[in-house]
There are 2 protein chains.
Amino acid sequence: MTMTRVKGAEALPLNRILDGDCIEVMNSLPAESIDLIFADPPYNLQLRGTLHRPDNSLVDAVDDDWDQFSSFAAYDAFTRDWLSAARRLLKPQGAIWVIGSYHNIFRVGAALQNQGFWILNDVVWRKSNPMPNFRGKRLTNAHETMIWASKSEGGKYTFNYEALKALNEGVQMRSDWVLPICSGHERLKDEKGDKAHPTQKPESLLHRVLVGTTNPGDVVLDPFFGTGTTGAVAKMLGREYIGIEREESYRRVAEKRLAKVRKFDREALEVSASKRAEPRVPFGQLIERGMLRPGEELYSANRRFKARLRADGTLVGADVKGSIHQVGAHYEGAPSCNGWTYWCFRRDGQLVSIDVLRQQIRAEMQG
Amino acid sequence: MTMTRVKGAEALPLNRILDGDCIEVMNSLPAESIDLIFADPPYNLQLRGTLHRPDNSLVDAVDDDWDQFSSFAAYDAFTRDWLSAARRLLKPQGAIWVIGSYHNIFRVGAALQNQGFWILNDVVWRKSNPMPNFRGKRLTNAHETMIWASKSEGGKYTFNYEALKALNEGVQMRSDWVLPICSGHERLKDEKGDKAHPTQKPESLLHRVLVGTTNPGDVVLDPFFGTGTTGAVAKMLGREYIGIEREESYRRVAEKRLAKVRKFDREALEVSASKRAEPRVPFGQLIERGMLRPGEELYSANRRFKARLRADGTLVGADVKGSIHQVGAHYEGAPSCNGWTYWCFRRDGQLVSIDVLRQQIRAEMQG
DNA sequence: ACTTATAGTGAATCATCAT
DNA sequence: TATGATGATTCACTATAAG
């Protein structure tokens, strides 16, 4: 448990579960102090009556007090208020995730847009083992929807593209995620052996969210903490968490759960980094270091074009002068060109990409 | 082409494409005369600049005039107006489908609820072949959302449970549908050979909608008819259609298309709808799902090599990082390697193949 | 005829840093 | 804040050309 000071005198209560109404508690925290918010608000399910399975057993529906709203207008007002408090807490480069079902997600999404959040993706959690539709009156409700939004249009945000790509066996992560619902030993029970929370989310879902859109050390807030899935996964992944939960029974289960969670090793938390995170190497260094000689000719990888190197690192082609990027773009008639991967030099009769030389320099810089 | 009299003197122009603004045209039709509305309204994409693929080719974006709105408020007003006109046309036991993306669907969903429609399901169209995210800045936008709603709470509606179950190989149809985008021969071209419409929907999608939620002889209205996919599938399936489209070029293509459609010519549709790929299990899921732990060591089946797991599903060995396949290939000096059969984990002192875990996941996905 | 290589394309809110 | 330079980035599928 840590207290951190942010922007003045106010303290940020890290790795704790705060007791109280989420709006009031959020308003007591310092502005622009949170990197990511994950929110699983009440879905406003509007269930009518009870539901039985074909064998006449009773379906244990979500009918808790906290999911009751008198009207769409009441739900909208509630949504506006907590989103507004959440937005105040986010750093300018922060982001938010909200999960919901068709009962509430359209209202939540519209409210997000109305408040100036900028939707980055909607993500479908496709449940591999949903509850069937027992009456056969509709389609099996087999998914939930998450919205990922930055604080504002044009706002920066964290996206670990390569890490998610690695999680997905080398192809881009898509907006539909196939994951099982929370069951088995992961599903927390209360003292009587009943499920401790009606809508406990699987840790796999939070794992993907936090690996993809936070970095180690980031502060993650969950204003509807429940039994603490967000906190548990944040702790495993070396992120700081703040939970808000007003139900004492949920807090008790979550505290017990979090005490048992261990953080993964530091090395295991490192993920595949994007190339942009690597140090920039000016092309001129290859000449300064004697890896390439002024006067030497470079060739396009497709062997169709060549250009001559000058001492200042610019290229001279048949009818064009400029940087490796500019000359490549000119030859290809393209709006832009990555000169590092476009140009090759000749060694022992072979064409070798100049990017190999950049990688050598980067390796030296690390060692 | 048929004219049918409904509730008094007004005539219903069946199996025709009506020219004009959809709101005005809908207001000219008799109330409570339509069984099902399928609507594919403008998405209000709000694209900023141009986008190039990594090979520098230009992405042909949807930048048509009909998709331009000055603000969310303007889009909301448009949505309210056409939904209100649509609702008047629906029989009490009628229903509506609306398709959209995260740009507009939350606003459409909230408007539907505000007008008294009752959402029955939201359905996710998971595209088997979406366009990638070329810049690696977000998740691949791989789905669109459809909302299916009855005219009002408690309203009756048509749902052919057994027909959809049969389409789904004997198990309940779920709320996520995997279907390819419209391409190849199905994609209509104009006189110049360019795509006739930027957002033509696949017939497989409409096939499932109309089989599931209409009966033969029902009247289906599409107020944003475009090149007439709704009409074409309705005609094939023996439903009556009414299309509204204000762009002359789209109407021309649709007329030509519809003239060629024959009723009950379903064979081609069944083929595209039943195409289903073997589920691929990304290795990263074993970590997300807690079956393996970041920091844990994996061993080659021959026990000669080991490597440590990271949170994004990559392996770190003595002098190599990468996927299970890459690191295995590196250790064996082989051009490639099936990491699933190469690597083992330790449980109770025994080495167990990671492929056992994949088989567990596959079994869950089927059941 | 058959296989392999190359080109094209799809509802997309698709960059960042130094000056 | 605006401008210019740097340089990072793609999956599944279809159609056509080449071998």
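Predicted model, so just to flag it, every value in this text is computed and none were measured. Letters A, B, ... mirror the listed sequences (proteins, then strands); counts begin at 1.
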TODO: Could you say whether N133(B) or H325(A) is positioned toward the 5' end of DNA chain D, judged by the nucleotide with the nearest heavy atom to each?
DONE: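 It is H325(A) whose nearest nucleotide is closer to the 5' end.
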
Task: Position toward the 5' end of DNA chain D (nearest nucleotide), S183(B) or R280(A) - done: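 Result: R280(A).
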
[atom1] atoms of [N] and [M], separation to the nearest Å:
N	M	atom1	value
dA15(D)	dA11(C)	P	15 Å
dC17(C)	dT9(D)	P	14 Å
dG19(D)	dA1(C)	C1'	13 Å
dT10(D)	dG8(C)	C1'	13 Å

Take atom [atom1] in [X]; do more than 12 heavy atoms of anything else shown fall under 6.0 Å from it?
X	atom1	value
K321(B)	NZ	no
K195(B)	NZ	yes
R303(A)	CZ	no

Rounded interatomic separation in angstrom, taking [atom1] from [X] and [atom2] from [N]:
X	N	atom1	atom2	value
L120(A)	dA15(C)	CG	C1'	14 Å
K275(A)	dC17(C)	NZ	C1'	19 Å
R48(B)	dA11(C)	CZ	P	21 Å
R174(A)	dG10(C)	CZ	P	18 Å
W66(B)	dA11(C)	CH2	C1'	8 Å
N56(B)	dT10(D)	CG	C1'	13 Å
I99(B)	dA11(C)	CD1	C1'	9 Å
K137(B)	dT9(D)	NZ	P	8 Å

Task: Aromatic centroids of Y102(B) and W148(A) separated by under 6.0 Å - done: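 Ring centres of Y102(B) and W148(A) not closer than 6.0 Å.
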
Task: is_close_aromatic(W66(B), F224(B)), centroid dist under 6.0 Å - done: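 No, they do not, as the ring centres are separated by 6.0 Å or more.
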
Open item on the list: Side chains of Y299(A) and F345(A), heavy atoms from C-beta outward: is any pair under 4.5 Å?
Closed with: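 Y299(A) vs F345(A): side chains apart.
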
How would you label the contact of [X] with the nucleic acid (heavy atoms, under 4.0 Å): base, sugar-phosphate, or nothing?
X	answer
N141(B)	sugar-phosphate
E162(A)	sugar-phosphate
P130(B)	base
V59(B)	base
K165(A)	sugar-phosphate
I324(A)	nothing
G100(B)	nothing
H185(B)	sugar-phosphate
S323(A)	sugar-phosphate
P202(B)	nothing
S336(A)	base
F283(A)	nothing
T50(B)	base
D40(B)	base

Open item on the list: Quick check on dT14(D): syn or anti? Syn means the glycosidic torsion is within 90 degrees of zero.
Closed with: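 Glycosidic conformation of dT14(D): anti.
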
Task: Residue from H197(B), H207(B), R257(B), K201(B) passing side chain to side chain donor-acceptor pair (under 3.5 Å) with T229(B) - done: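 By the side chain to side chain donor-acceptor pair (under 3.5 Å) criterion, T229(B) pairs with just one of H197(B), H207(B), R257(B), K201(B): R257(B).
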
TODO: For DNA chain D, write out the stems as range with range, using runs of 3 or more consecutive Watson-Crick or G-U pairs with both distances under 3.5 Å.
DONE: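 Stem segments, range with range: C:2-10 with D:11-19, C:15-19 with D:2-6.
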
Task: Stacked pair F134(B)-dC14(C), distance under 5.5 Å, angle under 30° - done: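 Here the ring of F134(B) and the base of dC14(C) are not stacked, as the 5.5 Å and 30° limits are not both satisfied.
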
TODO: Answer yes or no for R251(B) and F225(B): cation-pi contact, defined as NZ/CZ to six-membered ring centre under 6.0 Å and angle to ring axis within 45°.
DONE: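 The answer is no; the distance or angle limit is not met.
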
Open item on the list: Would R126(A) and W177(A) count as a cation-pi pair here, with the cationic atom under 6.0 angstrom from the ring centre and within 45° of the axis?
Closed with: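 Judged by the rule, R126(A) and W177(A) form no cation-pi pair.
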
Task: L139(B) vs I181(B), nearer the 5' end of DNA chain C by closest nucleotide - done: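 Of the two residues, I181(B) wins.
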
TODO: Take P198(B) and P132(B), find for each the nucleotide of DNA chain C with the closest heavy atom, and name the residue whose nucleotide sits nearer the 5' end.
DONE: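 First, find each residue's nearest nucleotide; the 5'-ward one identifies P198(B).
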
Task: Donor/acceptor link under 3.5 angstrom from W340(A) side chain onto base of dT6(D) - done: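 No, the side chain and the base share no sub-3.5 Å donor-acceptor pair.
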
TODO: Answer yes or no: side-chain N or O of R138(B) and base N or O of dT13(C) forming a donor-acceptor pair under 3.5 Å.
DONE: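 A donor-acceptor contact between them is present.
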
Open item on the list: Tell me whether the rings of Y75(B) and F69(B) are parallel (<30°), tilted (30 to 60°) or perpendicular (>60°).
Closed with: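 Correct class here is perpendicular.
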
- [ ] Kindly assign one of parallel, tilted or perpendicular to the pair F106(B) and F106(A), based on the angle between their ring planes and the thresholds 30° and 60°.
- [x]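 Because their plane-to-plane angle lies in the 30° to 60° range, the rings of F106(B) and F106(A) count as tilted.
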
Open item on the list: Looking at D176(B) and R174(B), is any side-chain nitrogen of the basic one under 4.0 Å from a carboxylate oxygen of the acidic one?
Closed with: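 Answer for the salt bridge query: yes.
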
Task: Lys/Arg-Asp/Glu bridge criterion (N-O < 4.0 Å) met for R252(B), E247(B) - done: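 No, R252(B) and E247(B) are not salt-bridged.
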
Polar atom pairs between nucleotides 4-9 of chain C and protein, under 3.5 Å, N or O only, would you list them?
none

- [ ] Considering just the side-chain nitrogens and oxygens of N129(B), establish if one lies under 4.0 Å of OP1 or OP2 belonging to dC11(D).
- [x]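 So the side chain of N129(B) is outside the cut-off, no N or O lying under 4.0 Å from OP1 or OP2 of dC11(D).
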
TODO: Compare side-chain N and O positions of Y161(A) against OP1 and OP2 of dT10(D) and report whether any pair is under 4.0 Å apart.
DONE: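 Looking at the OP1 and OP2 atoms of dT10(D), one of them is under 4.0 Å from a side-chain N or O of Y161(A).
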
- [ ] Taking only the side-chain heavy atoms of Q172(A) (C-beta and beyond), determine which of dC11(D), dT9(D), dT16(C) contains the nearest atom.
- [x]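 Selected nucleotide (nearest to the side chain): dC11(D).
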
TODO: Look at the side chain of Y102(B) and decide which nucleotide, out of dT13(C), dC11(D), dT9(D), has an atom nearest to it.
DONE: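 It is dT13(C).
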
